[in-house]
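The sequence lines fix the lettering, A, B, ..., with proteins before strands; numbering per chain opens at 1. Just so it is clear, the structure is predicted and the values come from calculations on it, not from any experiment.
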There are 2 protein chains.
Amino acid sequence: MQSRTPATRASGRPRSVEADAAILAATREALVELGWSKLTLGDVATRAGVAKTTLYRRWAGKNELVVDAVAELFDELALPDRGTLAADIEGVVLQFAAILARPEARSGLMAVVAEGTRDEALRERIRESIVTRQKRLVVEGRARAQARGELPPENDPVEAARTVDLIFDVVAGAVVHRTLVSAEPADEEWVRDFTRVLLLGLKGASQAG
Amino acid sequence: MQSRTPATRASGRPRSVEADAAILAATREALVELGWSKLTLGDVATRAGVAKTTLYRRWAGKNELVVDAVAELFDELALPDRGTLAADIEGVVLQFAAILARPEARSGLMAVVAEGTRDEALRERIRESIVTRQKRLVVEGRARAQARGELPPENDPVEAARTVDLIFDVVAGAVVHRTLVSAEPADEEWVRDFTRVLLLGLKGASQAG
DNA sequence: TGGTTTCGCTACGAGTCGTAGCGTAATGGC
DNA sequence: GCCATTACGCTACGACTCGTAGCGAAACCA
């Protein structure tokens, strides 16, 4: 969200919260129908039933708007305890794949990542509202696995952070690449194969490392 | 390349091959300076020293042009025999990371992938000119490792193809995610960690699988 | 030389961008 | 209840990009 509660709580007409929701929903709708490149802010404003100027008062541009619209999709990710590390990984990967199967996520996410390569502020916004927020799933899953004895406890916190980053890049990267580049579904069969390789790699690395 | 030799070999003034090279180089230059969204075909034509109409006669639009411009960057990938599977993987991953460190690859590649989510023809073009062409590296590396005895020979060709696809998605996906989303360099330390996990996963999976 | 295709150039309507200006609506402070 | 303040809807605007059409000149082949 770009519209934070201002520090200087001034008087005046408050911003319509319904408008925020309507704009983000309209953005996702436009992403589905038009894709990122053909999406125009004027069209989004019309769909949302607000004036174009209202939209520009809240978001700096198309990139920021799409990041917020897409970020909401990833908030539904959760990590229910399925008993084993393998089951936990398979579960969250399938959830992630389900989100990426939605057209508004596919076109929107990759487009803003592409734009982010040339815009540090946008990259930070993506990290803050999408990436870092989901990295907690990896941390949580590891903690559970260590509590179960499936993975050895980590004593060096720096090493642990590096491992979490590595796992996150491998999991998210593989699913994204499978879905968007190879354009094949990350179905249960694929997830099972992937989880087996990842799990053996993690257990082996922690033994030998 | 979109400009194939026409089946009907007609007479007339031939297309300038220098123009093709100049346009693709100008496209990469514009990608560096402007990024994908601010890149205009008129600007590319000016940089290349050709008329805008010439550019439109050869490429259908921005997407196709950028795919061709980026595809050339990946042709330099090779797989010299470094003696062990681990060394081979580390070598090719570092090469891949070096390409993705270049700004024209970063913004261009992700942008066309994003557009490809809504354009089957473009997806096919990407697969043909970039993805499939590099998948040979995985096939080659596996064959070498099997010849060395580092990996067991694969008897089921269907299973082998699935494994190759999986490895390709994991390797390419992890490097891309590390570089473009996490925005951290895929340096030697990271590549070493990644290779160790992947290798243990592959060896373990082939033993248990 | 004639036929064919590409070339550079100019011009065009259509569409989008982001902003400015204006009057109106909805708040909080007094 | 009145006023200052802020958000809203609406219109209009210059600037830019798009993709195409039309033209004469250039470069090839027979």
Side-chain angles (χ1 to χ4, degrees), chain A residues 1-24 26-27 30-31 33-66 68 111-112 115 118-119 121-122, chain B residues 1-24 26-27 30-31 33-66 107 111-112 115 118-119 121-122:
Chain A
M1 295 298 117
Q2 98 304 346
S3 49
R4 315 180 182 285
T5 28
T8 53
R9 191 69 211 98
S11 66
R13 178 174 175 173
R15 288 194 169 175
S16 161
V17 285
E18 297 92 357
D20 258 21
I23 290 171
L24 291 176
T27 303
L31 276 175
E33 292 182 20
L34 306 172
W36 188 85
S37 62
K38 293 185 180 175
L39 178 149
T40 68
L41 296 195
D43 179 60
V44 169
T46 304
R47 288 172 188 266
V50 302
K52 192 173 63 163
T53 44
T54 298
L55 210 158
Y56 274 101
R57 287 190 192 102
R58 305 187 181 202
W59 281 276
K62 193 202 275 198
N63 291 333
E64 292 76 9
L65 174 63
V66 172
D68 288 358
V112 293
E115 291 298 303
R118 302 196 44 79
D119 185 341
L122 183 63
Chain B
M1 295 299 116
Q2 97 304 346
S3 48
R4 314 181 181 285
T5 29
T8 53
R9 189 71 209 96
S11 66
R13 177 174 177 173
R15 287 195 169 173
S16 161
V17 284
E18 297 92 358
D20 258 21
I23 290 171
L24 291 176
T27 303
L31 275 175
E33 291 183 22
L34 306 172
W36 188 85
S37 62
K38 293 185 181 175
L39 178 149
T40 68
L41 295 197
D43 179 60
V44 170
T46 304
R47 289 171 189 265
V50 301
K52 192 173 62 163
T53 44
T54 299
L55 210 156
Y56 274 102
R57 286 191 192 100
R58 305 188 182 201
W59 281 276
K62 193 202 276 198
N63 291 333
E64 291 78 8
L65 175 62
V66 172
S107 47
V112 293
E115 291 297 303
R118 301 194 45 77
D119 185 341
L122 183 63

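Taking a pair as Watson-Crick or G-U wobble with both distances under 3.5 Å, DNA chain C forms stems of 3 or more consecutive pairs at C:1-30 with D:1-30.
Side-chain atoms of B/R47 never come within 3.5 Å of backbone atoms of B/A22 as a donor-acceptor pair (strictly under, hydrogens ignored).
When the C1' atom of C/dG8 is taken as reference, atom CD1 of B/I23 falls 13 Å away, rounded to whole Å. One can place CZ of A/R15 at 16 Å from C1' of C/dA25, the figure rounded to the nearest angstrom. Across the protein-nucleic acid pair, B/E64 atom CD and D/dG19 atom P stand 10 Å apart, rounded to whole Å. Rounding to whole angstrom units, CZ of residue A/R57 and C1' of C/dG21 are separated by 11 Å. Atom CH2 in B/W36 sits roughly 15 Å away from atom P in D/dT17 (whole-Å rounding). Rounded to whole Å, the distance from CD on A/E18 to P on D/dG9 is 11 Å. What separates NZ of A/K62 from P of D/dT17 is a distance of 15 Å, to the nearest Å.
When all heavy atoms of B/N63 and B/V112 are compared, the pair lying nearest together is O-CG1, 3.9 Å.
With a 4.5 Å cut-off on side-chain heavy atoms, B/W59 and B/D20 count as touching.
One distance of note links CD1 of B/I23 with CG of B/L55; it measures 4.5 Å at 0.5 Å rounding. Between atom CG of residue B/L65 and atom CG of residue B/L31 there is a gap of 8.5 Å, rounded to the nearest 0.5 Å.
Looking at residues 38-56 of chain A, you'll see A/G49, A/V50, A/A51, A/T53, A/T54 sit with a heavy atom under 4.0 Å from some atom of DNA chain D.
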Name the pairs: protein N/O against N/O of nucleotides 26-28 of chain D, kept only if under 3.5 Å.
unit_1	atom_1	unit_2	atom_2	d
D/dA26	N3	B/R13	NH1	3.3

Which atom pairs, one a donor and one an acceptor, fall under 3.5 Å between side chains of residues 34-42 of chain A and the rest of the protein, sequence neighbours left out?
unit_1	atom_1	unit_2	atom_2	d
A/S37	OG	B/E115	OE1	2.9
A/S37	OG	B/E115	OE2	3.4
A/T40	OG1	A/D43	N	3.2

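In terms of the salt bridge (charged side-chain N to carboxylate O under 4.0 Å, His left out) criterion, B/E18 has no residue partners (sequence neighbours excluded). Not counting sequence neighbours, the partners of B/A51 by the side chain to side chain contact (heavy atoms under 4.5 Å, CB included) test are B/T53, B/T54.
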